[in-house]
Amino acid sequence: MENSYQFNLIEKKWQKIWEEQHAFQIGEDSNLPKYYALEMFPYPSGNLHMGHVRNYAIGDVIARFKKMNGYNVLHPMGWDSFGLPAENAAIKHGAHPAKWTAANIENMREQLKTLGLSYDWDRELTTSQPDYYKFTQWMFLKLYENGLAYKKNAAVNWCPSCQTVLANEQVVDGACERCEATVEKKKLSQWFFKITDYAQRLLDDLEMLPGWPEKVKTMQRNWIGRSEGCQFDLTIEGHDETMTVFTTRPDTIYGVTFMVLSPEHPLVEQLAAGTEQEAAVKEFVHRMQFVSDVTRTSAETEKEGVFTGAYAINPMNDEKIPVWIANYVLMDYGTGAIMAVPAHDQRDFEFARKYDIPIRVVIQGEDTPADADQLTQASTGPGIMVNSGNYNGLSNEEGHRQIVSYLTSQGIGEATINYRLRDWLISRQRYWGAPIPVIYCDDCGTVPIPEKDLPVLLPEDIAFRPSGESPLTYVKSFYETTCPVCGKKAQRETDTMDTFVCSSWYFTRYLDPHNTELPFEKKPADYWMSVDQYIGGVEHAILHLMYARFFTKFLYDIKMLSVQEPFMNLLTQGMVLKDGSKMSKSKGNIVSPEEIIKTYGADTARLFILFASPPERDLEWSDQGVEGCYRFLNRVWRIVTEYGDLIREVNIPPSFAELEPAARKLHYKTHATIKKVSEDIEERFNFNTAISAVMELCNALYAYRDQEEKDLGVLKEAVDTLLLLLCPFTPHIAEELWQRCGHQESVYSQAWPRFDPEALVQDEIEIAVQILGKVRERIKVPSSCTKEDLEKAALSNPKIQELTKDKQIVKVIVVPGKLVNIVVK
RNA sequence: GCCCGGGUGGCGGAAUAGGCAGACGCACGGGACUUAAAAUCCCGCGAGGCUCAAACCUCGUGCCGGUUCGACCCCGGCCUCGGGCACCA
């Protein structure tokens with residue numbers, strides 16, 4: 001067994017073998033427990049980056065580990081291939097999105113294959129292909145059928161650069177999350193999915209997910225933003241209409257000194273009509289139309305508003321309350337109208353101070369000054385009710401309950417719950433997406449495409465000119481059609497769906513990827529779902545993960561799935577950094593995976609990225625660290641090939657009694673390593689420490705070289721174990737050396753090694769002896785040593801005797817197997 | 001402002017139930033091999049003190065305080081970095 005570690009040859013060799021043997025192809029095998037390992041599928045930008053490598057390396061370790069542990073492992077891969085970059089490339093370079101995308105996928109698939117990942121490529125899916133988006137459209141139809149897809153006219157987020165609308169979730173700090181252009185407000189008729197119907201379940205079922213990071217669940221809870229309160233009506237002086245407000249603090253109702261409507265509130269115009277405020281109100285409303293929601297709701301924006309000229313009546317005491325409009329009240333939350341209590345709400349407080357509106361304290365907290373003039377900020381804490389009529393003296397919590405029941409008994413109010421979560425806007429004025437399967441007929445109105453007519457194909461011959469309308473608007477052969485109900489001429493919807501729709505159900509398509517009738521059959525879905533381990537970037541904590549949960553619940557409701565949550569366990573990996581910041585073109589700090597693989601091989605690339613940091617934390621790229629991992633694999637190569645001839649024909653004996661000390665030590669190390677690596681992978685995903693343990697085993701093999709008389713059984717066991725443990729991390733070198741050591745079957749097909757508790761029993765152990773918590777001596781004792789003997793051994797130790805001779809021993813604490821602590825005076 | 005994470009050698013990081021701080025790797029230093037260098041193999045490597053050397057001693061996990069026989073770990077307060085949310089009534 002000569003020659004050096006030629007990673008390029010062996011990696012190619014094994015990738016070819018895996019491909020030819022369909023080594024990772026998998027079916028439903030009911031005899032084995034199933035395991036569904038999934039990494040977030042990539043957008044095919046054309047090139048793999050280090051973030052991908054990290055994501056897929058982590059997934060591959062888990063998938064291979066589970067396979068070797070006897071699970072039937074599903075580990076698929078696909079392409080989230082609809083989306084703007086393809087269309088932008090078309091506009092810029094004239095390449096058709098379909099061709100551009102296909103070429104990128106080709107390229108990235110090859111790059112992925114050079115990493116040696118254990119994917120079942122027979123299940124590969126591509127969301128931009130008709131065989132997939134047919135069922136994205138199917139999902140739309142089902143949602144429509146169940147009243148969960150609807151069209152409405154709404155002021156929506158408009159990205160002037162992408163020339164399309166965006167979901168609320170896609171607006172970050174007032175800018176488009178993709179291109180960072182400032183988002184504008186635009187009134188359009190758009191399709192929405194009624195995710196708000198699922199708000200409570202999306203919130204409650206987070207409890208079913210102990211395997212998710214608390215951070216992600218918190219982010220989702222905040223996003224759903226449930227708040228409990230009550231809603232009630234107020235009459236308006238001189239008007240027949242009433243106004244309805246939502247408040248979480250009905251206990252402060254006696255402190256109301258003004259009301260606020262959102263500028264878009266439908267009552268605004270008639271309330272102001274004929275008053276001397278009319279002109280000012282019109283001017284303000286007009287001005288607010290041009291301010292985006294995002295700017296308006298930013299905390300930095302100063303509160304401003306105008307009086308409408310109208311007065312509402314406080315139902316508790318018939319007090320006349322001026323009605324204002326203000327920028328800080330939003331039409332699409334609650335009722336678009338609030339009761340303002342400046343003493344107990346910071347926003348109302350600021351507004352009242354600015355416009356000299358009276359402030360009245362009604363909840364007396366510990367530090368609340370009774371005189372409102374002394375307030376420097378709103379007092380929002382609990383307290384005793386004052387200035388509140390019959391309710392004086394109650395705790396505010398009790399007052400809350402009583403006032404809600406009073407309003408309810410009067411028939412003007414009720415306890416309600418509000419969510420910040422809004423419905424999901426899915427229309428996009430773009431070409432490269434799944435067409436919304438709907439037809440508009442003059443007679444029949446909005447008509448969903450019959451299921452049998454799916455897919456609605458994207459036309460290929462198309463012109464790209466950024467216009468703010470879908471390019472499909474200009475394709476007559478596309479939009480001109482006939483009504484499926486009455487047969488008359490009709491028009492197709494020309495908008496396409498948000499790409500998040502495609503990625504909200506892809507994990508179910510892998511289960512039955514070639515089905516032409518349905519997105520998937522229930523049987524394979526019942527076998528495989530849910531995903532046991534999902535892995536991806538934390539940037540999807542809200543958007544993708546919330547939408548996928550919504551779809552799963554919907555599919556459960558229509559009896560397509562038997563589970564309510566898609567991903568039982570979630571691992572959010574950290575970013576890959578270089579020189580302390582995220583790799584990016586503009587910073588010029590990109591390390592290309594292709595280059596690294598070319599220079600060091602895929603095994604080294606995988607090993608480094610797994611070794612440098614635990615998966616959830618950010619990872620600092622280090623060329624020297626990569627070098628170190630490469631050096632380690634060479635070290636493995638040399639020691640295994642050196643021992644190879646010696647052990648090839650050896651059988652591992654069934655028991656290891658009576659070993660020489662050095663052999664005993666190696667045997668111990670082998671089993672200690674099995675234990676450590678298994679636990680690190682299984683329980684904590686601490687691949688970095690798992691790898692360091694494997695490195696220690698390798699070092700132990702080097703140390704054993706000094707032995708003239710080698711125990712070949714022990715040696716063989718150690719070498720085999722080393723390769724088995726390496727297999728999930730660095731599969732190519734593990735396979736190659738496994739074969740070179742004389743094994744016929746692939747290392748991947750082997751059972752994961754089990755540690756033998758016998759081997760971990762030690763005759764003698766070292767115990768630390770402390771005096772007052774400081775280690776003063778280490779003693780060797782038999783591992784069977786009792787507590788009493790341990791104490792005796794510690795106290796009789798000469799050094800300890802010397803150190804304690806002038807002192808009085810107060811107490812001795814004995815921790816068996818660890819230490820003895822002597823407390824002296 | 002609020003909510004989550006972090007802060008440990010020159011660096012990436014270990015310490016898994018409150019029990020020997022610094023595993024493993026990198027960098028660095030020394031030795032062996034070599035005509036030489038690289039590669040490789042072996043040894044050392046928190047700071048300070050004492051010492052020819054070893055032994056040994058002191059200090060040390062962002063800062064201050066607490067609980068405990070014993071604290072990187074628990075509690076209180078603060079500093080700092082990163083992330084998320086932020087007029088949602």
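A, B, ... follow the sequence lines: proteins, then strands. Residue 1 opens every chain. Keep in mind the model is a prediction, meaning the values are calculated, not measured.
At least one side-chain nitrogen or oxygen of A/R631 sits closer than 4.0 Å to the OP1 or OP2 atom of B/A27. Phosphate proximity of B/U58 to A/R776: present, with a side-chain N or O under 4.0 Å from OP1 or OP2. Phosphate contact (OP1/OP2 of B/G13, side-chain N/O of A/N686, threshold under 4.0 Å): absent. Between A/Y702 and B/C42 there is no side-chain polar atom (N or O) within less than 4.0 angstrom of OP1 or OP2. Close to B/C42, at under 4.0 Å from its OP1 or OP2, lies a side-chain N or O of A/R635.
Comparing B/C52 with B/G19, their C1' atoms are spaced 38 Å from each other, to the whole Å. Comparing the C1' positions of B/G9 and B/A27 gives an interatomic distance of 12 Å, to the nearest angstrom. A gap of 15 Å separates the P atoms of B/A14 and B/G22, to the nearest Å. Nucleotides B/A54 and B/G65, compared at atom C1', are 40 Å apart to the nearest Å. Separating the C1' atom of B/U34 from that of B/C26 is a span of 26 Å, rounded to the nearest Å. Straight-line distance between the P atoms of B/G44 and B/A23: roughly 12 Å, to the nearest whole Å.
Nearest to the side-chain atoms of A/F246 among the listed nucleotides B/G13, B/C87, B/A89 stands B/A89. Here B/A23 is the nucleotide among B/A23, B/C85, B/C56 with the atom lying nearest to any side-chain atom of A/E696.
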Run the numbers on A/S622 and A/Q624 for side chain to side chain donor-acceptor pair (under 3.5 Å), then give the verdict.
CA-CA 5 Å; A/S622 154; A/Q624 282 169 334; 5.1 Å; no
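Across all strands shown, nothing is found opposite B/C33 as a Watson-Crick or G-U wobble partner with both distances under 3.5 Å. When Watson-Crick and G-U wobble pairs are counted only if both distances are under 3.5 Å, B/U61 pairs with no nucleotide at all.
Using the six-membered ring where Trp is involved, A/Y630 and A/Y5 have ring planes that are tilted, between 30° and 60° apart. Using bins of under 30°, 30° to 60° and over 60° for the plane-to-plane angle, the ring pair A/Y355/A/F351 lands in the tilted bin.
Under 3.5 Å, the side chain of A/K303 and the base of B/C87 form at least one donor-acceptor pair of N or O atoms.
Two residues, A/I822 and A/N634, neighbour RNA chain B, and the one matched to the more 5' nucleotide by heavy-atom proximity is A/N634. Residue whose closest nucleotide on RNA chain B sits further toward the 5' end, between A/V329 and A/W223: A/W223.
A search for ring-ring contact (aromatic ring centres under 6.0 Å, His included) contacts involving A/Y704 returns nothing, not counting sequence neighbours.
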Once base and sugar-phosphate atoms are separated, protein heavy atoms under 4.0 Å mark nucleotides 1-12 of chain B, 5' to 3', with B, S and - as --SS-------B
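The local environment of NZ in A/K215 is sparse, with at most 12 non-hydrogen atoms from other residues, nucleotides or ligands closer than 6.0 Å.
Between A/Y600 and A/F608, the gap from one ring centroid to the other reaches at least 6.0 Å.
One interatomic measurement links the two molecules: CG of A/N821 to P of B/G19, which rounds to 13 Å at whole-angstrom precision.
With its glycosidic angle within 90° of 0, B/G9 is assigned syn.
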